[in-house]
Colleague: 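Let me begin by handing over the structure; questions about it come next.
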Amino acid sequence: MRALYIVGQLFVVMFVILTMTISLPHNPLSIYNTEVTSTFQSFLPEGWAFFTRNPKEDEVIIYYKENGKWIQNPLTPLSKPGNSFGLNRLVRAQSVEMAMIIPQPSENDWQHCKGNFVDCIKKDTTKIIEVRNISPMPILKDTIAIVSYSPVPWAWSELKKSEEMPAKYVILKVLCGKK
């Protein structure tokens with residue numbers, strides 16, 4: 001039984017090393033056997049991209065309007081105890097719904113904001129855009145605001161003053177069901 005455990009551990013270590021060497025650009029550790037490389041890449045075509053996200057990707061936050069006040073999405077973050085530390089799939093379902101809703105407003109419907117985007121949403125007097133959520137069990141409904149902003153660059157991490165990146169937002173009236 002112990003031998004099986006050791007063989008399993010060696011397999012995992014070899015798998016990680018092989019994945020790393022194939023994913024890296026050409027270097028002294030590169031594997032030149034194209035048959036091994038192409039076979040491995042056919043099983044894992046994304047390489048490390050499957051496990052990581054682009055750190056420069058825009059952040060997207062949902063705000064709900066409840067009793068005339070804007071509150072940040074109460075379902076996030078995924079890792080909080082109320083979400084069973086990531087086991088509850090409701091937050092992930094919400095992300096899928098958001099991905100279906102975001103393309104519906106045109107680029108001209110998005111408002112630009114400099115400074116605190118919560119203040120921008122509170123002061124906003126532009127029209128509310130109607131969109132449709134066709135999910136059979138919708139989570140996103142009623143009036144919401146979607147805010148998109150770039151993360152603060154890593155090079156600015158040691159600044160004493162907190163920086164607020166420019167953002168864009170859209171206020172939506174989410175109608176549920178098919179037309």
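Position 1 is the first residue of the sequence, and the numbers go up from there.
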Colleague: Applying side chain to side chain donor-acceptor pair (under 3.5 Å), can you list everything that pairs with Tyr169, at least two apart in sequence or on another chain?
Modeller: Asp124

Colleague: Looking at residues at least two apart in the chain, or sitting in another chain, which of them share a side chain to side chain donor-acceptor pair (under 3.5 Å) with Ser150?
Modeller: Asp58

Colleague: Mind checking whether Gln111 and Lys168 have side chains closer than 4.5 Å, heavy atoms only?
Modeller: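 No, too far: nothing below the 4.5 Å cut-off.
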
Colleague: What's the spacing between Ile144 CD1 and Ile61 CD1 if we round to 0.5 Å?
Modeller: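 Atom-to-atom, Ile144:CD1 and Ile61:CD1 are 13.0 Å apart.
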
Colleague: Same hydrophobic cluster for Ile146 and Val96, using side-chain heavy-atom links shorter than 4.5 Å among ILVMFWY?
Modeller: no

Colleague: So which atom in Trp70 and which in Tyr63 form the shortest heavy-atom distance, rounded to 0.1 Å?
Modeller: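 In terms of heavy atoms, the two residues are closest at CZ3-O, 3.6 Å.
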
Colleague: For residues Pro166 and Tyr149, report the shortest heavy-atom separation together with the two atoms involved.
Modeller: O-CB, 3.7 Å

Colleague: Are side-chain N/O atoms of Asn73 and Gln94 paired as donor and acceptor at under 3.5 Å?
Modeller: yes

Colleague: Check Val131, Asn133, Leu140 against Met100 for a side-chain contact (heavy atoms from CB on, under 4.5 Å) and give me the one that passes.
Modeller: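 Checked Val131, Asn133, Leu140 against Met100; only one passes side-chain contact (heavy atoms from CB on, under 4.5 Å): Asn133.
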
Colleague: Decide yes or no for Asp142 and Lys65: does some side-chain heavy atom of the first lie under 4.5 Å from some side-chain heavy atom of the second?
Modeller: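 Not in contact.
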
Colleague: Any donor-acceptor pair under 3.5 Å linking the side chain of Gln72 with the backbone of Ile62?
Modeller: no

Colleague: Hey, is Lys141 close enough to Glu97 for a salt bridge, meaning N to O under 4.0 Å?
Modeller: no

Colleague: Quick check on side-chain contact (heavy atoms from CB on, under 4.5 Å): which of Asp109, Ile129, Thr143 does Leu172 satisfy it with?
Modeller: Ile129

Colleague: Would a single hydrophobic cluster contain both Val170 and Val60, if residues Ile, Leu, Val, Met, Phe, Trp and Tyr are joined by side-chain heavy-atom contacts under 4.5 Å?
Modeller: yes

Colleague: What closest approach, in Å, do Ser148 and Trp110 show between heavy atoms, and which atom pair accounts for it?
Modeller: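 Result for this residue pair: CB-CZ3, 4.4 Å.
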
